[in-house]
Amino acid sequence: QVQLVESGGGLVQPGGSLRLSCAASGSIFSIYDMGWFRQAPGKQRELVASITTDGSSNYADSVKDRFTISRDNAKNTVYLQMNSLKPEDTAVYYCNALIMLHSSGNYARYWGRGTQVTVSS
């Protein structure tokens, strides 16, 4: 069993910053990639950023130069530093990870329950 627990969401004014964290726990053997998706009301869930074990990262065009993803492999934790936030960044942010369990020889994708980010004055 695996749990991904997000934290750090909240209400922030335009131009402000937030830092999201997501910790994976359970019978984890290996984590390949970790990332963040978001879903705004009435819209599809979209990739925000992802990072692999060796630190290779990928960003949505809409967040490049404003958001930074990082990862602590020893803690099975991924972070998303969000700067210069805009109202259009308002969404539920979901953590995602590709994980291999000790009991399995295969990777499977797991999701957190999400954390709300609201950017408003």
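Computed from a prediction, not measured in an experiment: that's the story for all the values here.
Between F67 and W36, the distance from one ring center to the other does not fall under 6.0 angstrom.
When hydrophobic clusters are built by joining Ile, Leu, Val, Met, Phe, Trp and Tyr residues whose side-chain heavy atoms come closer than 4.5 Å, directly or via intermediates, F29 is grouped together with L98. There is a path of hydrophobic side-chain contacts, each under 4.5 Å, that joins V117 to V48.
Using a 4.0 Å cut-off between charged side-chain N and carboxylate O, D89 and K86 make no salt bridge. Between E46 and R38 there is a salt bridge, with a side-chain nitrogen of the basic residue lying less than 4.0 Å from a carboxylate oxygen of the acidic one.
Across A97 and M34, no two heavy atoms sit closer than the pair CB-CG, 4.0 Å. Counting all heavy atoms, side chain and backbone alike, S121 lies closest to P14 at N-CD, 3.7 Å. Nearest heavy-atom pair, S17 versus Q81, reported as atom, atom and distance to 0.1 Å: CB-NE2, 4.0 Å.
A side-chain donor-acceptor contact under 3.5 Å links H102 to the backbone of I28. The main-chain N or O of T53 is found under 3.5 Å from a side-chain atom of N73 such that the two form a donor-acceptor pair. When atom types are taken as modelled, the side chain of T90 and the backbone of P87 share a donor-acceptor pair closer than 3.5 angstrom. Using a distance-only test at 3.5 Å, with no hydrogens or angles considered, no donor-acceptor pair links the side chain of T115 to the main chain of E6.
How far CG of L47 is from OH of Y59: 11.0 Å, rounded to the nearest 0.5 Å. Atoms OG and CD1, from S56 and I69 in turn, are 11.5 Å apart once rounded to the nearest 0.5 Å. N96 CG to R45 CZ: the interatomic distance, rounded to the nearest 0.5 Å, is 8.5 Å. Between atom OG1 of residue T52 and atom CD1 of residue I31 there is a gap of 12.5 Å, rounded to the nearest 0.5 Å. Distance NZ/K75 to OG/S21: 9.5 Å, rounded to 0.5 Å. A distance of 10.5 Å separates CG of N58 from CD1 of I51, quoted to the nearest 0.5 Å.
Checking Y107 against S30 by side-chain atom types alone, a donor-acceptor pair falls below 3.5 Å. Judged purely by distance below 3.5 Å, without hydrogens or angles, the side chains of T77 and D72 never pair a donor atom with an acceptor atom.
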Report task. Step by step, work out the side-chain contact (heavy atoms from CB on, under 4.5 Å) result for L4 and Y110. Result -> CA-CA 7 Å; L4 299 180; Y110 294 86; 4.0 Å; yes
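Here the options are N76, V2, N106, the test is side chain to side chain contact (heavy atoms under 4.5 Å, CB included), and the partner is I99; only V2 passes.
For residues 10-96, every residue pair satisfying the disulfide (SG to SG under 2.5 Å) rule, not counting sequence neighbours, is listed here: C22-C95.
Taking the ring centre of Y79 as origin, the terminal cationic atom of R71 falls outside the region bounded by 6.0 Å and 45° from the ring axis.
Between M82 and L20 there is a side-chain heavy-atom pair separated by less than 4.5 Å. Looking only at side-chain heavy atoms (C-beta outward), L80 and T68 stay at 4.5 Å or farther from each other. L85 has its side chain within reach of L18: a pair of non-hydrogen atoms, C-beta onward, lies under 4.5 Å apart. In this structure the side chain of Q1 never reaches within 4.5 angstrom of the side chain of S27, judged on heavy atoms.
Within 6.0 Å of CG in D65 there are 12 or fewer heavy atoms belonging to other residues, nucleotides or ligands. Applying the 6.0 Å contact sphere to CZ of R109 captures more than 12 heavy atoms from other residues, nucleotides or ligands. More than 12 heavy atoms of other residues, nucleotides or ligands sit less than 6.0 Å from atom CD of E88.
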